[in-house]
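Let me begin by presenting the structure, written as structure tokens, before commenting on it.
As the structure is a computational prediction, the values presented were derived from the model and not from experiment.
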Amino acid sequence: MVIDLKTREIRCLTCNIPAAAFLRVMHLSTGDYILIGPDHFENINVSRSRDNELWFLSKQRGSKPVKLGQKMSEGAAVSKKNLTIAFSETHAADLPAGASRIIVADLDLSDSLPKLIRKRTVYESKDRNCVLEAQDFYDNDTRLSFTCYEPGNLASVWGIDLEKNKSINFSIAPGEYNEVEGIFPGGQFTCVESDHQCDWLGGARGPGNIDIWKLKMDGTGKSFTRLTYFNDYEGSKASNPVISTDGKWMAFQSARTTDPAGVGYGLLLYRF
């Protein structure tokens, strides 16, 4: 779906596809879309990981999604300037069990059939101690933020310099759940789904008890600023924040602590 924020008109992009089960939609710099989802829906856990794949959808009304021939896990990073994307693989045939990797690729729209070209692996994890998910390009697409999912329902915020091939842990918060989300313009701060407030609120650590925090990406892990307070109320959380390109707004959703990641009950706008 796409919503016009001025008129509140909602337009469905994929209602002309029978039994469509797309889990994500992302804008390309051309105004076209990247869709993420399975060819057919089996269940939420299998469909968002093993069967997940990338699709291209033209911005022309009535267009139908085109497979890009690439299986991937969870979400993707999409450049705001170029036709470059990053995604993670967790179930590729040549990957050992439990391993994952982040791949950067370019989208070629020069022919009638869009395709991914120049695929290159930029980061690898050998086991389930760190399961990878790409999030955002920044610093003129020379850097990439990503999440490292860890055992025990924990996670940390990382970044990689794609030119120097150097990675850094931005959150530095062992024992916490910190999943990187939408980045702020300028690339100095990012939103994080975090259970940081469990330090004083109590409750189980992990993706259930989360709120939205702002993290300075300076490598110290000390600059966490809380943005939402939904988790102060038992059973509630805020999730999936996206920052507008002018940095003035954050879109996010309200959710329940017992829901699977990504489920929400309404979209909200937060004005900075």
Side-chain angles (χ1 to χ4, degrees), residues 1-2 12-60 62-80 82-125 128 130-137 144-149 179-182 240 242 260-264:
M1 305 283 186
V2 171
C12 182
L13 299 176
T14 58
C15 286
N16 60 341
I17 313 299
F22 296 107
L23 303 177
R24 289 173 169 88
V25 56
M26 308 180 81
H27 284 92
L28 289 162
S29 58
T30 56
D32 300 307
Y33 305 94
I34 287 288
L35 302 182
I36 299 175
D39 179 77
H40 63 282
F41 187 82
E42 186 171 325
N43 67 63
I44 188 62
N45 292 319
V46 168
S47 296
R48 74 190 301 165
S49 57
R50 187 196 70 189
D51 294 344
N52 222 19
E53 57 184 307
L54 291 165
W55 308 66
F56 171 82
L57 178 65
S58 169
K59 60 188 174 185
Q60 300 300 322
S63 298
K64 293 190 175 182
V66 178
K67 282 188 178 187
L68 291 174
Q70 178 64 58
K71 292 286 186 73
M72 45 86 72
S73 177
E74 294 287 350
V78 178
S79 168
K80 294 178 174 63
N82 305 297
L83 290 175
T84 303
I85 65 174
F87 53 90
S88 66
E89 287 186 325
T90 57
H91 289 84
D94 60 334
L95 272 177
S100 57
R101 63 188 170 209
I102 294 177
I103 294 174
V104 172
D106 298 319
L107 183 61
D108 183 2
L109 301 180
S110 60
D111 296 328
S112 57
L113 193 65
K115 58 181 179 291
L116 293 177
I117 59 174
R118 290 189 287 275
K119 297 180 187 178
R120 55 268 191 201
T121 299
V122 298
Y123 195 83
E124 293 182 276
S125 171
R128 295 190 184 280
C130 177
V131 179
L132 305 169
E133 181 184 7
Q135 176 58 43
D136 271 309
F137 289 99
L144 177 73
S145 63
F146 65 93
T147 297
C148 171
Y149 296 102
E179 178 184 349
V180 67
E181 294 287 343
N240 296 83
V242 178
V263 174

- Task: Locate the shortest heavy-atom distance separating K80 from S29; write the atom from each residue and the value.
- Result: O-CB, 3.7 Å

- Task: Give the minimum heavy-atom separation between A21 and F41, together with the two atoms involved.
- Result: CB-CB, 3.6 Å

- Message: If you count heavy atoms of other groups shown closer than 6.0 angstrom to CZ of R128, is the number above 12?
- Response: no

- Task: Enter the distance from L109:CG to S58:OG here, rounded to the nearest 0.5 Å.
- Result: 9.0 Å

- Task: Using modelled atom types only, decide if a donor and an acceptor are shared between the side chain of S73 and the backbone of T90 within a distance under 3.5 Å.
- Result: no

- Item | Contacts of Q70 that satisfy side-chain contact (heavy atoms from CB on, under 4.5 Å) - sequence neighbours left out | L54, F87, E89, L116, K119

Please set out all donor-acceptor pairs under 3.5 angstrom arising from side-chain atoms of residues 92-100, sequence neighbours excluded.
from: D94; atom 1: OD1; to: R101; atom 2: NH2; distance (Å): 2.8
from: D94; atom 1: OD2; to: R101; atom 2: NH1; distance (Å): 3.2
from: D94; atom 1: OD2; to: R101; atom 2: NH2; distance (Å): 3.4
from: S100; atom 1: OG; to: L132; atom 2: N; distance (Å): 3.2

- Rounded to the nearest 0.5 Å, how far apart are SG of C130 and CZ of F146? 6.0 Å

- Message: Just by distance, no angles: are the side chains of N82 and T84 close enough, under 3.5 Å, to form a donor-acceptor pair?
- Response: no

- Item | Contact summary for E74 and R24, nearest pair of heavy atoms | OE1-NH2, 3.1 Å

- Any donor and acceptor pair, going by atom type alone, linking the side chain of S88 with main-chain N or O of A134 inside 3.5 Å? no

- Please identify each residue that fulfils side-chain hydrogen bond (donor to acceptor under 3.5 Å, both in side chains) with T14, with sequence neighbours left out. none

- Message: Set out, in order, the CA-CA distance, both residues' side-chain angles and the distance that settles side chain to side chain contact (heavy atoms under 4.5 Å, CB included) for K64 and N16, then state yes or no.
- Response: CA-CA 8 Å; K64 293 190 175 182; N16 60 341; 3.8 Å; yes

- Residue pair V131 / S125, side-chain heavy-atom distance below 4.5 Å: no

- Spacing of I102 atom CD1 and M72 atom CE [to the nearest 0.5 Å]: 11.0 Å

- Item | CG-CD1 distance between L28 and I34, expressed to the nearest 0.5 angstrom | 4.5 Å

- Is the backbone N or O of A77 less than 3.5 Å from a side-chain atom of D136, with the two atoms forming a donor-acceptor pair by type? no

- Item | Check: I117 main-chain N/O paired with D106 side-chain donor or acceptor under 3.5 Å | no

- To the nearest 0.5 Å, tell me how far H91 NE2 sits from N52 CG. 10.5 Å

- Aromatic rings F22 and W55: how do their planes relate, parallel, tilted or perpendicular, breaks at 30° and 60°? perpendicular

- What one should report as the nearest heavy-atom pair of K59 and Y33 is CA-CE1, 4.1 Å

- Test log, rule side chain to side chain contact (heavy atoms under 4.5 Å, CB included), inputs L107 and I85: CA-CA 8 Å; L107 183 61; I85 65 174; 5.6 Å; no

